[in-house]
Amino acid sequence: MVPARYRVADRTDESADTVTLTLEPIDRPIPTPGPGQFSMLWAFGVGEAPISLSAIDGTRLGHTVRAVGPVSRALASAPVGATIGVRGPFGRGWCPPGDDAGPAVVVAGGLGLAPLRPLIAALVAARPRRSVRLAIGARRPEDLLHRGDLRRLVDEPGVSVDLTVDVADRGWRGRVGLVTDLLDASTVSGTEPMAYVCGPELMMWFTARRLLDLGLAPERIQVSLERNMHCAIGWCGHCQLGPSFVCLDGPVYDWAEAEPLLAVRGR
Amino acid sequence: MNAIEDLLGAALPDLPEAAIGQLAALGRTRHFDPDDRLFTMDEPAETFHVVRSGLVAVEVEGPSGGPATIETVGPGDVVGVSWLLPPHRWVFSARAIETTETVAFDAALVLDRCGRDPTLGYQVHRWFAGVIHRRLMAARLRVLDLYGARP
């Protein structure tokens with residue numbers, strides 16, 4: 001429960017309110033996280049918040065933070081050299097496809113691209129065994145995160161990148177529309193893919209339904225749920241969703257698990 | 001089947017091949033360079049398009065500021081539905097974002113053919129009902145602001 005001290009080694013402004021912090025350990029590092037897991041980040045004197053890993057590089061950790069509350073605002077404004085507390089890693093991350101698996105489909109909405117970033121790196125590294133298809137949506141072009149990554153991935157063989165935004169002016173030369181519009185019959189043709197979906201809940205809900213309509217089995221769709229994690233070790237119950245503690249059993253669930261949990265919440 | 005018939009066959013799977021051929025005979029291939037207009041809002045809606053390749057922006061131009069893109073339309077999808085109903089004027093404009101090829105249909109000829117062949121008319125209207133339904137659903141979801149801020 002005691003946070004490890006990390007230093008902000010670098011910061012990259014992703015958009016007007018979102019920053020990626022690169023943290024390196026000052027003393028003992030936390031155990032190496034897996035893609036899809038999260039950390040509890042302390043802004044000392046302000047508070048603690050669960051933030052997913054957006055990069056894993058040895059003992060260096062990447063966290064992409066959107067400034068929306070007191071803690072996330074304090075974290076997002078931390079300068080290079082600042083000290084941040086880190087607890088973790090927590091939760092169950094993405095379950096990557098087996099070696100004999102088919103293509104991977106990654107669907108990200110808004111800030112949801114951040115927790116998928118380490119998974120995308122692992123999937124891309126696993127080529128040419130499997131192709132990787134990325135479908136990414138955001139509200140506006142300027143809200144697209146990790147644009148440097150996306151530019152590099154466009155040129156990678158075996159990787160396709162489709163972007164769409166909700167609102168754009170004439171300067172945007174790409175697609176305008178829902179991220180679900182990027183998914184069609186070709187998404188699930190051939191060997192049945194494994195789909196990884198992260199974004200706001202409504203976006204994941206409609207994306208999962210779209211993938212199901214296209215014929216993908218619910219067990220082959222993974223989603224990452226966000227809840228109000230406080231202790232991150234299953235004690236406090238803040239993140240309980242039906243019978244499940246998101247901090248322990250999640251945040252990644254397959255759709256067969258996630259759909260009834262989300263239905264419980266809706267009653 | 002030629003390329004236009006293939007395109008229509010995918011959009012209208014329930015239509016007999018002969019009817020596909022009749023409809024395809026009304027289509028003409030058009031080429032658009034980036035920023036070329038397919039049609040302009042408020043003008044008579046005389047031609048609709050099915051995109052074969054490229055990307056088309058559907059835009060609205062208001063009194064304050066430049067055009068805003070409402071959606072983009074890619075291969076296999078339809079650009080333009082205002083021709084179906086009075087007053088047969090375009091509600092939005094359409095512009096090629098990249099080099100685009102479409103099959104353009106003379107709306108008056110299609111309406112006339114649909115009027116004389118109820119089976120064809122039913123299938124064409126069913127096709128466009130699907131297009132309108134899909135876009136209505138997309139518009140409703142976008143109103144929900146799927147990417148709203150969260151911690």
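Worth knowing before you read on, the calculation uses all heavy atoms, side chains too, and leaves out hydrogens, waters and symmetry mates. Lettering follows sequence order; numbering is per chain, from 1. As the structure is a computational prediction, the values presented were derived from the model and not from experiment.
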Asker: With chain B, which of Thr164(A), Thr18(A), Asp166(A) has the greatest number of heavy-atom pairs at distances under 4.5 Å?
Answerer: Asp166(A)
Asker: Select, from Gly110(A), Ala67(A), Gly137(A), the one with the greatest count of heavy-atom pairs under 4.5 Å involving chain B.
Answerer: Gly137(A)
Asker: Between Arg95(B) and chain A, which part of the residue has a heavy atom less than 4.5 Å away: side chain, backbone, both or neither?
Answerer: side chain
Asker: In terms of heavy-atom proximity below 4.5 Å to chain A, should Leu55(B) be classed as side chain, backbone, both, or neither?
Answerer: side chain
Asker: Before giving the answer on salt bridge (Lys or Arg N to Asp or Glu O under 4.0 Å), spell out for Asp213(A) and Arg209(A) the whole-Å C-alpha distance, their side-chain angles and the decisive distance to 0.1 Å.
Answerer: CA-CA 6 Å; Asp213(A) 286 346; Arg209(A) 291 171 73 102; over 6 Å; no
Asker: Can you check whether Ala55(A)'s main-chain N or O pairs, donor with acceptor, with Arg117(A)'s side chain at less than 3.5 Å?
Answerer: no
Asker: With Trp127(B), which residues qualify under ring pair (Phe, Tyr, Trp, His ring centres under 6.0 Å), at least two apart?
Answerer: none
Asker: In chain order, what residues pass the side-chain hydrogen bond (donor to acceptor under 3.5 Å, both in side chains) check against Ser82(B), with sequence neighbours excluded?
Answerer: none
Asker: Can you tell me which portion of Ala49(A) sits under 4.5 Å from chain B's heavy atoms? Options are side chain, backbone, both or neither.
Answerer: neither
Asker: Do any N or O atoms from the side chain of Trp172(A) and from the backbone of Gly174(A) form a donor-acceptor pair under 3.5 angstrom?
Answerer: yes
Asker: Below 4.5 Å from any heavy atom of chain B, which atoms of Val65(A) appear? Answer side chain, backbone, both or neither.
Answerer: neither
Asker: Tyr6(A) and His63(A): ring-ring contact (aromatic ring centres under 6.0 Å, His included), yes or no, with the steps?
Answerer: CA-CA 12 Å; Tyr6(A) 276 67; His63(A) 286 93; 8.3 Å; no
Asker: Looking at Val73(B), Thr69(B), Ile70(B), which makes the most heavy-atom pairs under 4.5 Å with chain A?
Answerer: Thr69(B)
